[in-house]
Amino acid sequence: MNMNFSRKLPTPQEIKDMYPLSEKGKQIKLKNDEQIQKVFKNESDKFILVIGPCSADREEAVIDYINRLKVIQQQVKDEIIIIPRIYTNKPRTTGQGYKGMLHQPDPNEKPDMLKGLIAIRKLHMRAIEETGFSCADEMLYSENHRYLSDLLSYVAVGARSVEDQQHRLTASGLDIPVGMKNPTSGDISVMLNSIKAAQTGHTFIYRGWEVISSGNPYAHAILRGYVNKHGESSPNYHYEDLMSLASIYDETHFINPAIIVDTNHSNSNKQYEEQIRIANEVLHSMQYNEKIRRIVKGLMIESYIEDGCQKVDGGVYGKSITDPCLGWQKTEQLILNIAAKIKKMNNK
C-alpha cells in the first residue's frame, strides 16, 4: 500500500470534549433548527438564503462577513432566514489546489489535518456564539460530519458525492436539512434517488460502528446546473425546470418536497454577477406559479466581502481564493430586494 499513516487523529467526541459548545450555543442552534425545519415542513412562509463564501478561507474575514449578515438578518427577519455558508472542505475536480480550511487552516502553509479539525470547529463555534447563526457546511467527507454535528443547521451533499452510498446513508441519520445537488451530468433521477435513500432508514457501518438510522424527512433537492457532453455549462433554474421537478415530486410522494436553487456553479457558468439575475428569475417564477412558490424554499448564493476571486497569496482581505463571489455591497442590495419580493408574495 502506497500510503504513509502519519498519525492517529482524535475522534469526533474527543475534539468535542476539547472544544465544547456552551449551553447558550446549544439553545441558539436548537432555536435555529426549529425555524428552518418549519420552512421545509411548509409551516412557515419564510425564504431561506444559504449564503456566503465559496470556501471559508480565513477565520477573521469569515466572521466579519457573518457579522454583516447578522445586521441585515434583523432587517429581513420577517421574510428571510439566513444560513451562512461556512464551507470548510473544498472539492477539487482534479484533486489539485486549495482543499479548504480542514486541510489548510492557513492557506499559505502546508496541510495539517489536526490543526484543520480544530480550526473548523472553532470557526463554527464562533459563528454561533458571536452572531447567533448556526451555519451550513458541505459534507465532502461523510465520515467527518460528526466533528461538526452539534454545530450545523444545514448540510449540502455536492454534485460529485450525491451518488455515493455512504453520503446517502449518513444523510439518513441526520436531523437537519440535507440538500442533495443534482450531479454534474444533470441527471435528475440520480438526485431523486439520493433524496429517497436519505429519507429512508438504514442499517450500515459508520466510523467502525453498526448504526441504525430512521431517515431524514428534510432531505431535498438542490438545482445547481450541469455540464453537457461538450463540457458546456447548462442551467436548470428556469421556469420549465422548476415545474418539471415539482411535477416529479408530485408523482413520487417524497416527504416535505423542497427545492433550493444554487445561483452559481453551472447555473451561472461561475459568472458570479449573474447570480443576481438568476435569483430574480427564480422569484419571478415563484410569483407567477403557486406550485413553484410552495416548493422552492430558498436560494444558495456565493458571496463574500469583495467581488470576484484571487490567487491564494493574493492578499486582498475578504476576497475568495476559490470561485468568484458577489461582494458585500451587491449582496446587501440583493438580500433586501429578495425580502421585498417575498413580502409582496406573502401579503397577496
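Computed over heavy atoms, backbone and side chain alike; hydrogens, waters and symmetry mates excluded.
- Cluster membership for M139 and V190, using ILVMFWY side-chain heavy atoms within less than 4.5 angstrom, is shared.
- In terms of the side chain to side chain contact (heavy atoms under 4.5 Å, CB included) criterion, residue partners of E34 (sequence neighbours excluded) are, by chain and number, L30.
- When hydrophobic residues (I, L, V, M, F, W, Y) are linked wherever their side-chain heavy atoms come within less than 4.5 Å, the members clustered with Y206 are L169, F204, W209, V211.
- Around the CD atom of Q329, the shell of radius 6.0 Å holds no more than 12 heavy atoms that belong to other residues, nucleotides or ligands.
- Between the side chains of N108 and D313, no donor-acceptor pair of N or O atoms lies under 3.5 Å.
- Follow the hydrophobic side-chain contacts under 4.5 Å out from F133 and you reach I51 in the same cluster.
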- Query: Given the rule in the side chain to side chain donor-acceptor pair (under 3.5 Å) test, do S320 and Q310 qualify, once you have shown the distances and angles that lead to the verdict?
  - Reply: CA-CA 6 Å; S320 175; Q310 62 183 333; over 6 Å; no
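- A donor atom on one side chain and an acceptor atom on the other are not found under 3.5 Å apart for T131 and N67.
- Rounding to the nearest 0.5 Å gives a distance of 12.5 Å between CD1 of I120 and OH of Y19.
- Taking a 6.0 Å sphere around NZ of K343, one finds it holds 12 or fewer heavy atoms contributed by other residues, nucleotides or ligands.
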- Task: Begin with the C-alpha distance, continue with both residues' side-chain angles, and end with the deciding distance and a verdict on side-chain contact (heavy atoms from CB on, under 4.5 Å) for Q75 and L336.
- Result: CA-CA 8 Å; Q75 298 177 52; L336 293 174; 3.8 Å; yes
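- Donor-acceptor pairing under 3.5 Å is lacking for the side chains of H238 and D241.
- Around CZ of R58, the count of heavy atoms belonging to other residues, nucleotides or ligands within 6.0 Å exceeds 12.
- A salt bridge links K181 with D262: the distance from a Lys NZ or Arg NE/NH1/NH2 to an Asp or Glu carboxylate oxygen falls below 4.0 Å.
- Rounding to the nearest 0.5 Å gives a distance of 8.5 Å between CD1 of I342 and CG of L49.
- Residue pairs that meet the ring-ring contact (aromatic ring centres under 6.0 Å, His included) test with at least one member in residues 242-261, sequence neighbours left out, are Y249-F254.
- Using a cut-off of 4.0 Å between Lys/Arg side-chain N and Asp/Glu carboxylate O, D164 and R168 are scored as not salt-bridged.
- Checked against salt bridge (Lys or Arg N to Asp or Glu O under 4.0 Å), R294 has no partners two or more places apart in sequence or in another chain.
- Within the 3.5 Å criterion, the main-chain N or O of H167 finds no donor-acceptor partner in the side chain of H145.
- Q27 contributes atom CD, which lies 10.0 Å from atom CG of L21 (distance to the nearest 0.5 angstrom).
- Both I15 and I86 belong to a single network of hydrophobic side chains, linked directly or stepwise wherever heavy atoms of I, L, V, M, F, W or Y lie under 4.5 Å apart.
- Residues that satisfy the salt bridge (Lys or Arg N to Asp or Glu O under 4.0 Å) test with D175, not counting sequence neighbours, are absent from this structure.
- With sequence neighbours excluded, the residues that form a side-chain hydrogen bond (donor to acceptor under 3.5 Å, both in side chains) with K330 are D307.
- Atom-to-atom distance recorded for Q333:CD and N337:CG is 4.5 Å, nearest 0.5 angstrom.
- Applying the side chain to side chain contact (heavy atoms under 4.5 Å, CB included) rule to S189 yields the partners D187; only residues at least two apart in sequence or on another chain are considered.
- Ring planes of Y304 and Y65: perpendicular class, angle over 60° (limits at 30 and 60°).
- Although no hydrogens or angles enter the test, the distance criterion places no donor-acceptor pair under 3.5 Å between the side chain of E274 and the main chain of N264.
- Counting heavy atoms from C-beta on, the side chains of R121 and K16 come closer than 4.5 Å.
- The shortest non-hydrogen separation linking A198 to A219 is CB-CB, 3.7 Å.
- Q37 and D33 are not linked by any side-chain donor-acceptor pair at a separation below 3.5 angstrom, with hydrogens and angles left out of the test.
- Rounded to the nearest 0.5 Å, atoms OG (S234) and CG (N269) are 9.0 Å apart.
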- Can you check ring pair (Phe, Tyr, Trp, His ring centres under 6.0 Å) on Y147 and H124, steps first, answer last? CA-CA 11 Å; Y147 286 103; H124 276 285; over 10 Å; no
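- Note on ring orientation: taking the six-membered ring where Trp is involved, the planes of Y218 and F40 are perpendicular (angle over 60°, cut-offs 30° and 60°).
- Using a 4.5 Å heavy-atom threshold, the side chains of K70 and Q73 count as separate.
- Heavy-atom minimum distance, T331 versus S303: OG1-OG, 2.7 Å.
- Other residues, nucleotides and ligands contribute only 12 or fewer heavy atoms inside 6.0 Å of the CD atom of E210.
- The side chain to side chain contact (heavy atoms under 4.5 Å, CB included) search around S247 returns K291, not counting sequence neighbours.
- Side-chain contact, S194 with E163: no donor N or O sits under 3.5 Å from an acceptor N or O.
- Contact of the R293 side chain with the Q287 side chain is not registered, since no non-hydrogen atoms from C-beta on lie closer than 4.5 Å.
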Check: residues 76-84 side-chain donor-acceptor pairs under 3.5 Å, at least two apart:
none

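- How far CE of M125 is from CG of L148: 11.0 Å, rounded to the nearest 0.5 Å.
- Taking hydrophobic clusters as Ile, Leu, Val, Met, Phe, Trp and Tyr residues chained together by side-chain heavy-atom distances below 4.5 Å, L174 does not share a cluster with Y87.
- Transitive grouping of hydrophobic side chains (ILVMFWY, heavy atoms separated by less than 4.5 Å) brings I276 and Y237 into a common cluster.
- Remark: side-chain polar atoms of T263 are paired, donor with acceptor, to backbone N or O of M300 under 3.5 angstrom.
- Side-chain contact between M191 and I188 is present, with at least one heavy-atom pair separated by less than 4.5 Å.
- For D112 and R7, the salt-bridge test passes: some basic side-chain N is under 4.0 Å from an acidic carboxylate O.
- Contact record, L152 with A136: CD2-C, 4.5 Å, taken as the closest heavy-atom pair.
- In the model, Q199 has no side-chain atom that pairs as donor or acceptor with a side-chain atom of N216 under 3.5 Å.
- Residue pairs meeting the salt bridge (Lys or Arg N to Asp or Glu O under 4.0 Å) criterion with at least one partner in residues 130-143, sequence neighbours excluded, are R126-E130.
- Using modelled atom types, one finds a donor on one side chain and an acceptor on the other under 3.5 Å when comparing Y239 with N289.
- The hydrophobic side chain of I205 is isolated, with no ILVMFWY side chain under 4.5 Å apart from it.
- Shown here for R85 and P53, the closest heavy-atom pair between the two residues is NE-O, 3.1 Å.
- The main-chain N or O of Y272 is found under 3.5 Å from a side-chain atom of Q275 such that the two form a donor-acceptor pair.
- For the side chain to side chain contact (heavy atoms under 4.5 Å, CB included) test, residues two or more places apart in sequence or in another chain that qualify with S55 are K90, Y98, T322.
- Side-chain atoms of V50 and L299, non-hydrogen and from C-beta on, never get closer than 4.5 Å to each other.
- For P324 against E302, the heavy-atom pair with the smallest separation is O-OE1, 4.2 Å.
- Using modelled atom types and a 3.5 Å distance limit, the side chains of K297 and N42 yield a donor-acceptor pair.
- Contact of the V261 side chain with the R224 side chain is not registered, since no non-hydrogen atoms from C-beta on lie closer than 4.5 Å.
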